[in-house]
Structure formats: structure tokens, C-alpha cells
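This one's a predicted model, so the numbers in the text were calculated from it and none came from an experiment.
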Amino acid sequence: MNTTSPEDLLAQRMAALAPSFIREILKVVQQPDIISFAGGLPDPHHFPVAQLKAATLAVFDEEGETALQYGPSEGDMALREWIAARYAQKQLTISPAEILITNGAQQALDLLGKVLLDTGDGVLMEEPGYLGALQALSLYQPRILPVPLQGEGPDLERLAQQLTARPKLFYTTPNFQNPTGLSYSDARRCEVAQLLAERETLLIEDDPYGDLRFTGVEPRSFKQLLPEQTVLLGSFSKTVAPSLRIGWLVAPSWLMQRLVIAKQAADLHTSGLNQRILARYLQQHDYAAQVNTIAR
């Protein structure tokens, strides 16, 4: 008699991997009598339904055959150029070649873990931190090194201590951090950048909420303070529509080459049709007005 279980076929890395807490939250939100503050769900009343419908019809009418074909792994060039121009408005010089379109920022985290992490590598995480990032990176079995958050950002003394372990990554959400809502002060960002400048640790700056600021002055990005060690993550899930599943990452060329290979192995490319529709929407409609509506 065979005494083994089918679960014995599973990879060891799956043993400690828990289900997505975020997805469990979303199941509860489907109940009409529930208003949940536990997940970053946009208000569906502000989805640009009519504008996206018009963009979809225009794509099918004018470039349907191209939009339905396989596309480049790096992503649609028009969309990458729009993202680069948006960064330029924020005094960040980003080339479209530095941008990789992903299936949401969540896939960007998975690709970074896949390309950068070996079992036992150190990863600095904010405490408390974003559960989606913890789940994505935990698949690659790193050592999670927590850094408590204070009023202006990470605890500098604790960060300095954890850096002695030579972590590969520091995952941060410096604007409206999930789950605390905290935004790092500009002074604390400078102090963090100074500490990391003495190390080989890459800083991942995840910024899904940055455009939705409705008070105060936007602080500098770590990309401005630590340009050679910062990877940027962005998403249209909070500002346009989450079901498009379109995010992106910005990485230096030495890392981008490996990320593109990992992306090709995972899914070849993000939906070309969705990218074309989103690019057409962004070209024909006022994104800033959409963001201002949501912020209000």
C-alpha cells in the first residue's frame, strides 16, 4: 500500500506559505452590508467606465489586429512613454527602457523575489508591513528582518542594526503606508538614504497611493535620494481600475535584463489588449482630473 500523501509532491517552500489575507478580506467585502477599511479597495463609483469603454472601442476600430497579437515582454511602448512623462512631472528622469509593465505591482514583487533572493537572504520589512509584499517575497524563503515604524518613518537605530545582517532588499511604502497610513517625512527619507548608501541593499519603493494625496506637499522619492539603489513600483489599480491588473516597475539596466527574462518565463507579457486600452484612455482623457476626483 502506498502510504505517501499527494501533498508530499509539493515543494518544501509551499509548506509555510499561507493564503493571501488580502483575498480573504475581499471575500467579506462582497457582502452588501459591509464597509471594510481593511483592504485598499477603490470606490467603484469613480471607475471611468464610459471613458474606458470609448478607449476600448477606439482600440478595436483602429488597431484591433495589432492589439490582439502577442506583444513585447517589456510592455506597450506608448504606455511606458506615458509613465516616463508622468515621472518627469515629478522631477524624476526615467527612460521608457527602465520601465517593465507587470500584472499589477504584485507581480513586480514576485519577479524581484525570483531574480534577487536565495533561501536565507535578508529582507528588511516595515513593521507593521504590507501583507501582500510579505506573502510574495516569502515564497523565496528569505529571512524577514522587521524595522518598526515611528512617527516620521522607520526606526533609524533598528534599521542600522538590521543592516549589519547585509540584507539584499528593503521593502518600503513611504507614501500612505499600508497598513498604518504613515508617510515618511523628507528628513527621515534622507536619513534612511544615507544609511543605505553605505550598503549594497536595494530599496524597493512601492507607491500605489502616492497620486491620491489630498493635503500637504509631496515629499521626494527615494529615487531622487538614492538613484542607483532604488527600484520603483507603481500601479493603476487605485487610480483607474484594479481589474486591468496593470502595474510597473522601474529598475536599472543590469537588473531589468534579468527581470524581463523572468517575466518571459512567467507569462510572456502583460495583456497587450489591456495595455492598449489603458494607453488610449490616458492619451485621450485627463488623468490628473480623474485623480483629483478620487482625492476629493
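In the hydrophobic cluster analysis, where Ile, Leu, Val, Met, Phe, Trp and Tyr join through side-chain heavy atoms closer than 4.5 angstrom, Val260 is grouped together with Trp254. Trp248 and Tyr130 are members of different hydrophobic clusters when ILVMFWY side chains are connected at heavy-atom separations under 4.5 Å. Placement of Met125 and Leu195 in two distinct hydrophobic clusters is found when ILVMFWY residues are connected by side-chain heavy-atom separations under 4.5 Å, directly or transitively. Hydrophobic cluster membership is shared by Leu249 and Leu134, with clusters built from Ile, Leu, Val, Met, Phe, Trp and Tyr side chains linked at under 4.5 angstrom. Note on Val115 and Leu232: separate hydrophobic clusters, where clusters join Ile, Leu, Val, Met, Phe, Trp and Tyr whose side-chain heavy atoms are under 4.5 Å apart, directly or indirectly.
Shown here is Arg258, whose CZ atom has no more than 12 heavy atoms of other residues, nucleotides or ligands within 6.0 Å. Residue Lys90 places its NZ atom among more than 12 non-hydrogen atoms of other residues, nucleotides or ligands, all under 6.0 Å distant. When the shell of 6.0 Å around CD of Gln284 is examined, it contains more than 12 heavy atoms from other residues, nucleotides or ligands. The 12-atom threshold is exceeded at CZ of Arg143, counting heavy atoms of other residues, nucleotides or ligands nearer than 6.0 Å.
Although no hydrogens or angles enter the test, the distance criterion places a donor-acceptor pair under 3.5 Å between the side chain of Arg189 and the main chain of Arg220. Checking side-chain atoms of Thr172 against main-chain N and O of Ile204 turns up a donor-acceptor pair under 3.5 Å. Between the Gln106 side chain and the Gly132 main chain, a donor and an acceptor come within less than 3.5 Å of each other. Looking at Gln69, its side chain never comes within 3.5 Å of a backbone N or O of Thr66 through a donor-acceptor pair. Without hydrogens or angle criteria, Glu218 side chain to Arg213 main chain gives no donor-acceptor distance under 3.5 Å. In this structure, Arg245 contributes its side chain and Pro242 its backbone to a donor-acceptor pair below 3.5 Å. Judged by distance alone, the side chain of Arg188 and the main-chain N or O of Pro154 form a donor-acceptor pair under 3.5 Å.
Classification of the Tyr184-Phe222 ring pair by plane angle, with boundaries at 30° and 60°, yields perpendicular.
Paired with Leu112 under the rule side chain to side chain contact (heavy atoms under 4.5 Å, CB included), one option of Leu233, Leu117, Thr102 passes, and it is Leu233. A side chain to side chain contact (heavy atoms under 4.5 Å, CB included) with Val250 is found for exactly one of Ile83, Ile94, Leu100, Leu92, namely Ile94.
Arg280 and Thr56 form no side-chain donor-acceptor contact under 3.5 Å, judged by distance and modelled atom types alone. There is no side-chain donor-acceptor pair under 3.5 Å between Glu98 and Tyr87. Ser185 and Glu152 are linked by a side-chain donor-acceptor pair at a separation below 3.5 angstrom, with hydrogens and angles left out of the test. A donor-acceptor pair shorter than 3.5 Å cannot be found between the side chains of Tyr209 and Thr173.
Annotation: salt bridge (charged side-chain N to carboxylate O under 4.0 Å, His left out) contacts of Asp76 (sequence neighbours excluded): Arg276. Under the ring-ring contact (aromatic ring centres under 6.0 Å, His included) criterion, His269 pairs with no residue at all, not counting sequence neighbours.
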Without placing hydrogens or testing angles, list every side-chain donor-acceptor pair under 3.5 Å for residues 39-51, not counting sequence neighbours.
{"from": "Asp43", "atom 1": "OD1", "to": "His45", "atom 2": "N", "distance (Å)": "3.0"}
{"from": "Asp43", "atom 1": "OD1", "to": "His45", "atom 2": "ND1", "distance (Å)": "2.9"}

